[in-house]
Protein chains: 2
Amino acid sequence: MPRAGLDPAAVVAAGAALADEVGFAHLTMGLLAQRLGVRTPSLYKHVGGQDDLNRRIAALAMSEAADAVGGAVQGYAGRDALAAAARAFRAFVLEHPGRYAATIGVEPADRDDPMAVAARRLLGAFTAVLRGYEIAEPDVDHALRMLRSLCHGFATLQAADGFQWSADIDESFEWLITFADRGLRAVRTGDVSSAAPSP
Amino acid sequence: MPRAGLDPAAVVAAGAALADEVGFAHLTMGLLAQRLGVRTPSLYKHVGGQDDLNRRIAALAMSEAADAVGGAVQGYAGRDALAAAARAFRAFVLEHPGRYAATIGVEPADRDDPMAVAARRLLGAFTAVLRGYEIAEPDVDHALRMLRSLCHGFATLQAADGFQWSADIDESFEWLITFADRGLRAVRTGDVSSAAPSP
DNA sequence: CAGGTTCGGCTAACGCCATTAGCTTTTAGC
DNA sequence: GCTAAAAGCTAATGGCGTTAGCCGAACCTG
């Protein structure tokens, strides 16, 4: 019986691909083993178990998302950068719904957790987008969270088929980009302050 | 051996409460039976199984969220209505993370599915908020999706402990409400159109 | 090229969970 | 009070994650 030649990276990559195919909730150790042409217990030579596998898939997804968004932003600024980042992020989530789902609800163990490192890298890509809007320091964190909520919310709702009604979804997303762009420019001009809401 | 006096509603309510306590992913038929002082197979007299239980919890959560948002909006308009709706929605998700998690990834069977009915009711509450902004018809659907993405994204990211860095989260949320309010008012005045983004 | 060690696969077995079948007892209706 | 439906139970099945322990392949050393 020849060896399969597996290693942790190959197992995690196959697990991520399988999650994209069958949905993260249906990703099972047995199914993954079958896909790899191996018996289930053999996987434990490469990953610690299902929980460990999930965390590694989440880290991989975060890292890939950071690459996608970071790469898409290169050479753009302002509205173009925002649009590129948002489109790249949504495209990634829609192309890889399974591995992205793995990132939800996983809290990194410590700052050196690969998941945490990748998450900071993704955050950095969005921070670069904000730089073009010249937003005052106290507002940057808020704007970052707003941007992340918007992208995460839209992408996950669409991935979960949460938009059931009529209007075209791509059009809605472009509308959303324009909305965010206008809003962020208003932040620079001082229409939205970090202080308490206007009375 | 006296009867426990259960019925479907009681089982679903206990399941939702348990999901809030231990997390939706850890909600198990055995654990729920134990909580109700009953053996596991007895639950099958009231719900069809785990999948049916999950769907009923999701429907309950949607219905409660619709009540919370709809009630909070009563008597307000414009920015006040938006703030009330957003705060009510976030408060609901943070107080009931388990049952809200049940709603993600559940697609209703048909239009009469209780889940679909409740979802339409929740959507209606947000539509009522938009009414105060006098947004043109072609933009209403986009604005609705934007609002839903924003609220869903922020609440789920916070519930999953996705915001790890320093700035105060409540402050970020108020900032986000102000941001959305300004943006929606700009939609009315025509700064954002439903047409393609400006060059 | 020989021999030992490490490493990656395997089978067997355990426990947990969801689910079904079939029995018993309570409860409600006539 | 009798009957029938409803609500609980025990027992059993199958699937999954996981662990223990075995055995052969690959690699490194001399």
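Chain identifiers are assigned alphabetically (A, B, ...) following the order of the sequence lines, protein sequences preceding nucleic acid strands; residue numbering begins at 1 within each chain.
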| query | Looking at residues 25-50 of chain A, who's got a heavy atom less than 4.0 Å off DNA chain C? | reply | A:Val38, A:Arg39, A:Pro41, A:Ser42, A:Lys45, A:His46
| message | Tell me the interatomic distance from B:Asp7, atom CG, to C:dA28, atom P, rounded to whole angstroms. | response | 13 Å
| message | Report for the helix from C:dC1-D:dG30 to C:dC30-D:dG1: angle between first-end and last-end helix axes, five pairs each, rounded to 10 degrees. | response | 10°
| task | Mind checking salt bridge (Lys or Arg N to Asp or Glu O under 4.0 Å) for A:Asp113 and listing every partner two or more places apart, or none if nothing turns up? | result | A:Arg55
| request: Go through residues 12-22 of chain B and report each residue with a non-hydrogen atom lying under 4.0 Å from DNA chain C, sorted by number. | output: none
| query | Sequence neighbours excluded, which residues qualify as side chain to side chain contact (heavy atoms under 4.5 Å, CB included) partners of A:Leu31? | reply | A:Leu18, A:Val22, A:Thr28, A:Gln34
| field | Spatial distance of atom CG (A:Asp52) from atom CG (A:Leu43) [nearest 0.5 Å] | value | 11.5 Å
| said: My understanding is that only residues two or more places apart in sequence, or in another chain, count here; which of them pass salt bridge (Lys or Arg N to Asp or Glu O under 4.0 Å) with B:Asp170? | reply: B:Arg90
Donor-acceptor list for residues 35-42 of chain A side chains, cut-off 3.5 Å, not counting sequence neighbours:
unit_1	atom_1	unit_2	atom_2	d
A:Arg35	NH1	A:Glu21	OE2	3.0
A:Arg35	NH2	A:Glu21	OE1	3.0
A:Ser42	OG	A:Arg39	O	3.3

| message | Tell me every residue that passes side chain to side chain contact (heavy atoms under 4.5 Å, CB included) with B:Pro8, counting only those two or more places apart in sequence or in another chain. | response | B:His46, B:Arg56
| query | How would you list, by chain and number, every residue that makes a side-chain hydrogen bond (donor to acceptor under 3.5 Å, both in side chains) with B:Asn54, sequence neighbours excluded? | reply | none
| B:Arg120: what forms a salt bridge (Lys or Arg N to Asp or Glu O under 4.0 Å) with it, not counting sequence neighbours? | none
Side-chain donor/acceptor pairs under 3.5 Å, residues 68-76 of chain A, sequence neighbours excluded:
none

| Summary of ring-ring contact (aromatic ring centres under 6.0 Å, His included) pairs that have at least one residue in residues 90-121 of chain B, sequence neighbours excluded | B:Phe89-B:Tyr100, B:Phe92-B:His96, B:Tyr100-B:His152
